[in-house]
Asker: 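I am attaching a structure below and will ask some questions about it afterwards.
Residue numbers begin at 1 in each chain, while the letters A, B, ... track the order of the sequences. When reading the values below, keep in mind they use all heavy atoms of this one structure, side chains included, and skip hydrogens, waters and symmetry mates.
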Amino acid sequence: MNGTPGDPTASSEARRMALYLVLGQVPAGKVISYGELAQLAGLGRAARWVGRTLSQLPGDTQLPWHRVLGAGGRLSLALGTPSGDEQRARLRAEGVTLHNNRVDMSRHGWRPMEHSG
DNA sequence: CGGAAGGCATTTT
DNA sequence: GAAAATGCCTTCC
């Protein structure tokens, strides 16, 4: 609940909508971190909230949640987990190069601001 | 010096 | 109060 007076933040539903919009802006073959995603969605440092929301997403969602990684392209999900294994499988399917538990941000790091920020 | 891996601190539900 | 799809800092190669 957003029953926190003093916080101009919108309802959790509004935050989730912003997250969907930003996440839908992520092109295939590119990746982004939870923190970046939260910041682009205007959520600030709610990186935890982003990860939690993605985990709440249904399997029927069309959102590319598998393009969301930890900071610096680090995989937060561990192998052995349904989501962790699927994320790596989907990323590789899009042409993303995986290094053990790291992604090549230099080649797949999404830059919504490009250079003219 | 640069990249990768692990640990501790922060935030949200 | 506890758990979790994280983030930044420090250390090793």
Asker: Rounded to whole angstroms, how far apart are CG on A:Leu75 and C1' on C:dG7?
Answerer: 15 Å

Asker: If you check every side-chain atom of A:Trp49, which of B:dT13, C:dA5, C:dG7 has the closest atom?
Answerer: B:dT13

Asker: Output the rounded distance in Å from NE2 (A:His99) to P (C:dC13).
Answerer: 21 Å

Asker: If the cut-off is 4.0 Å, is A:Ser83 near the phosphate of C:dA5, judged by side-chain N/O to OP1 or OP2?
Answerer: no

Asker: Taking side chain as C-beta onward, heavy atoms only, is A:Val31 less than 4.5 Å from A:Trp110?
Answerer: no

Asker: Roughly how far, to the nearest 0.5 Å, is CD of A:Glu36 from CE of A:Met105?
Answerer: 7.0 Å

Asker: May I ask which nucleotide in the shown strands pairs with B:dT10, Watson-Crick or G-U wobble, both distances under 3.5 Å?
Answerer: none

Asker: Of the listed nucleotides (C:dA5, B:dT11, B:dT13), which one gets closest to any side-chain atom of A:Arg15?
Answerer: B:dT13

Asker: Return whichever of A:Gly72 or A:Trp65 has its heavy-atom-nearest nucleotide of DNA chain C closer to the 5' end.
Answerer: A:Trp65

Asker: In this structure, how many angstroms lie between the C1' atom of B:dT13 and the CG atom of A:Leu43, rounded?
Answerer: 15 Å

Asker: Between atom CZ in A:Arg45 and atom C1' in B:dT12, what is the gap in whole Å?
Answerer: 15 Å

Asker: Going by number, which of residues 50-63 of chain A have a non-hydrogen atom under 4.0 Å from DNA chain B?
Answerer: none

Asker: Can you find a heavy atom in the side chain of A:Arg90 that is under 4.5 Å from one in the side chain of A:Trp65?
Answerer: yes

Asker: Measure from CG on A:Leu69 to P on C:dA4 and round the result to the nearest Å.
Answerer: 20 Å

Asker: Are A:Trp49 and A:Leu69 grouped together when hydrophobic residues (ILVMFWY) are joined by side-chain heavy atoms under 4.5 angstrom apart?
Answerer: no

Asker: What integer distance in Å separates A:Tyr34:OH from B:dT12:C1'?
Answerer: 15 Å

Asker: Paired with C:dA5: which nucleotide, if any, by Watson-Crick or G-U wobble criteria at under 3.5 Å for both distances?
Answerer: none

Asker: How close or far is atom P of B:dG2 from atom CE of A:Met105, stated in whole angstroms?
Answerer: 18 Å

Asker: Going by atom types alone, do A:Glu94 and A:His66 pair a side-chain donor with an acceptor below 3.5 Å?
Answerer: yes

Asker: Starting at CG of A:Leu23, measure out to OG1 of A:Thr53 and round the result to the nearest 0.5 Å.
Answerer: 10.5 Å

Asker: Would you state whether a donor and an acceptor, one from the side chain of A:Arg48 and one from the base of C:dT6, lie under 3.5 Å apart?
Answerer: yes

Asker: Give the rounded distance in Å between these two atoms: CD of A:Glu36 and P of C:dA5.
Answerer: 21 Å

Asker: So how far is it from A:His99 NE2 to A:Leu75 CG, rounded to the nearest 0.5 Å?
Answerer: 12.0 Å

Asker: In terms of base orientation, is B:dA9 syn or anti, with the syn window spanning 90° either side of 0?
Answerer: anti

